[in-house]
Structure formats: C-alpha cells, structure tokens
Amino acid sequence: QVQVVESGGGLVQAGGSLRLSCVASGRTDSVYSMGWFRQAPGKEREFVAHVTMSGGSAYYADSVKGRFTISRDNAKNTVYLQMSNLKPEDAAVYYCAACLSRGYYPGSAYYTRETNYAYWGQGTQVTVAS
C-alpha cells in the first residue's frame with residue numbers, strides 16, 4: 001500500500017505562482033511514477049504531469065508545458081509541482097497519484113491515463129483570480 005497526501009493549494013492571482021507538494025508513504029519503493037492530475041468543475045479529470053522516481057524523467061500536458069515543472073526528492077518521498085504564470089483555466093482540484101507499473105516508455109500515453117495510477121491523494125484546491 002502507498003499513501004499519498006497533497007498540500008500547497010490556495011488562491012493566487014493570474015500570472016502568479018504556486019508550488020504543490022505530494023508526500024508518499026508506505027511501500028514507496030514500489031512506486032515507478034508519480035503523476036499530477038487536475039479536475040475543474042464540470043470537467044473530467046485530466047493529466048498534468050508525471051515524473052519517474054528513479055530517473056527523474058518528466059513529462060507534461062501541452063496545456064502546462066513551459067509553465068509547470070514537476071520534480072521529485074526521493075530522500076523525502078516527495079514530488080513537487082511548481083506552477084508559474086497561472087491562468088484562470090488552471091483553477092481546479094489537483095490530485096497526486098502513484099503508479100506502480102513499469103515496463104512502459106516514460107513518455108508514453110500509459111502514464112497519462114488516470115486508470116493506471118493505483119493510489120490517489122484527496123486533492124488540493126487551486127484557485128486563480130483573474
């Protein structure tokens with residue numbers, strides 16, 4: 001079992017920055033990739049970014065590329081999502097999730113699908129004021 005807890009959400013002005021954190025506990029040695037997803041009201045949950053825990057390879061949705069940075073600190077079992085130049089359309093509940101599956105190319109679509117992530121946090125709200 002892996003437990004995942006997010007933090008760092010809040011209210012920010014458009015153009016501002018925010019850093020989300022995600023701490024994993026339990027069988028963290030079994031985690032291959034950690035991902036961030038988000039869900040805005042009335043919309044489906046969507047992939048934002050993921051990072052492989054061993055090599056640190058990072059991949060992003062086109063909508064956040066160049067503005068968001070995902071990173072990990074294996075010593076702290078923590079993954080970060082640094083969000084810059086935030087836009088009103090970035091407002092959502094952000095979820096962190098852990099994927100145990102290996103054997104797929106890190107940049108493949110496999111790691112963008114929420115169904116492939118076994119463990120999820122409760123989410124943290126990000127609100128962007130225009």
Side-chain angles (χ1 to χ4, degrees):
Q1 291 280 347
V2 178
Q3 294 77 43
V4 176
V5 179
E6 310 96 332
S7 63
L11 172 64
V12 63
Q13 293 291 322
S17 299
L18 207 58
R19 189 177 81 159
L20 306 182
S21 298
C22 171
V23 179
S25 60
R27 287 293 310 276
T28 56
D29 57 323
S30 64
V31 177
Y32 178 73
S33 173
M34 295 290 292
W36 284 98
F37 293 77
R38 66 186 182 186
Q39 186 169 23
K43 295 187 177 182
E44 293 186 352
R45 189 153 55 185
E46 64 176 2
F47 168 77
V48 175
H50 87 91
V51 63
T52 59
M53 300 307 289
S54 58
S57 299
Y59 298 88
Y60 302 90
D62 288 342
S63 59
V64 306
K65 205 171 291 183
R67 300 187 298 122
F68 290 13
T69 302
I70 188 171
S71 61
R72 92 275 192 248
D73 183 336
N74 286 348
K76 296 181 179 180
N77 291 321
T78 301
V79 173
Y80 303 98
L81 185 69
Q82 177 68 48
M83 305 184 293
S84 302
N85 191 20
L86 282 160
K87 304 175 181 180
E89 53 264 41
D90 293 318
V93 177
Y94 282 71
Y95 297 91
C96 181
C99 177
L100 309 186
S101 302
R102 303 168 187 267
Y104 297 88
Y105 181 70
S108 72
Y110 183 89
Y111 295 107
T112 71
R113 299 189 186 114
E114 61 174 292
T115 53
N116 295 325
Y117 286 76
Y119 300 99
W120 291 80
Q122 294 300 307
T124 185
Q125 177 73 50
V126 172
T127 303
V128 183
S130 57

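This one's a predicted model, so the numbers in the text were calculated from it and none came from an experiment. Numbers here simply count residues along the sequence, with the first being 1.
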Is there a ring-ring contact (aromatic ring centres under 6.0 Å, His included) between Tyr32 and Tyr111? Walk through the geometry before answering.
CA-CA 10 Å; Tyr32 178 73; Tyr111 295 107; 5.5 Å; yes
To the closest 0.5 Å, what do you measure between [atom1] ([X]) and [atom2] ([Y])?
X: Gln1; Y: Ser30; atom1: CD; atom2: OG; value: 9.5 Å
X: Thr127; Y: Gln13; atom1: OG1; atom2: CD; value: 11.5 Å
X: Asn116; Y: Phe47; atom1: CG; atom2: CZ; value: 11.5 Å

Answer yes if [X] and [Y] sit in the same cluster of Ile, Leu, Val, Met, Phe, Trp and Tyr residues linked by side chain heavy atoms under 4.5 Å apart, and no otherwise.
X: Tyr119; Y: Val31; result: yes
X: Met34; Y: Tyr104; result: no
X: Val4; Y: Ile70; result: yes
X: Val51; Y: Phe37; result: no

May I have all residue pairs that pass disulfide (SG to SG under 2.5 Å) and include part of [range], sequence neighbours excluded?
range: residues 27-76; answer: none
range: residues 37-83; answer: none
range: residues 24-97; answer: Cys22-Cys96
range: residues 60-91; answer: none

Work out which heavy atom in [X] is nearest to a heavy atom in [Y]; give both atom names and the distance.
X: Val2; Y: Ala98; answer: CG1-CB, 4.3 Å
X: Leu20; Y: Gly9; answer: CD2-N, 3.6 Å
X: Trp120; Y: Tyr117; answer: NE1-O, 3.0 Å

For Lys65, give me all partners under salt bridge (charged side-chain N to carboxylate O under 4.0 Å, His left out), at least two apart in sequence or on another chain.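 Residues passing salt bridge (charged side-chain N to carboxylate O under 4.0 Å, His left out) with Lys65: Asp62.
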Are the side chain of Gln122 and the backbone of Glu6 linked by a donor-acceptor contact shorter than 3.5 Å?
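Judged by distance alone, no pair lies under 3.5 Å.
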Report task. Spell out, as yes or no, whether a donor-acceptor pair under 3.5 Å connects the side chain of Asn74 to the backbone of Ser54. Result -> no
Applied to residues 56-88, the ring-ring contact (aromatic ring centres under 6.0 Å, His included) test, sequence neighbours excluded, yields His50-Tyr59
Sequence neighbours excluded, the answer for side chain to side chain contact (heavy atoms under 4.5 Å, CB included) partners of Ala109 is Thr112, Arg113
TODO: Kindly state each residue pair satisfying side chain to side chain donor-acceptor pair (under 3.5 Å) with at least one member in residues 15-28, sequence neighbours excluded.
DONE: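 Residue pairs passing side chain to side chain donor-acceptor pair (under 3.5 Å), neighbours aside: Gln3-Ser25, Arg27-Asp29.
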Contacts of Tyr110 meeting side chain to side chain donor-acceptor pair (under 3.5 Å) (sequence neighbours excluded), chain-then-number -> Ser101
Quiz item: Looking at residues at least two apart in the chain, or sitting in another chain, which of them share a side chain to side chain donor-acceptor pair (under 3.5 Å) with Glu114?
Solution: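 Only Arg45 meet the side chain to side chain donor-acceptor pair (under 3.5 Å) criterion with Glu114.
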Residue set satisfying disulfide (SG to SG under 2.5 Å) with Cys99, at least two apart, ordered chain then number -> none
Legend entry - Contact check, side chains of Met53 and Val79, non-hydrogen atoms, under 4.5 Å: yes
Only pairs under 3.5 Å count here: list side-chain donor-acceptor contacts from residues 81-95, not counting sequence neighbours, and write none if there are none.
residue	atom	partner	partner atom	Å
Asp90	OD1	Arg38	NH1	2.9
Asp90	OD1	Arg67	NH2	3.0
Asp90	OD2	Arg67	NH1	2.7
Asp90	OD2	Arg67	NH2	3.4
Asp90	OD2	Lys87	N	2.8
Tyr94	OH	Arg38	NH1	2.9
Tyr94	OH	Asp90	O	2.6

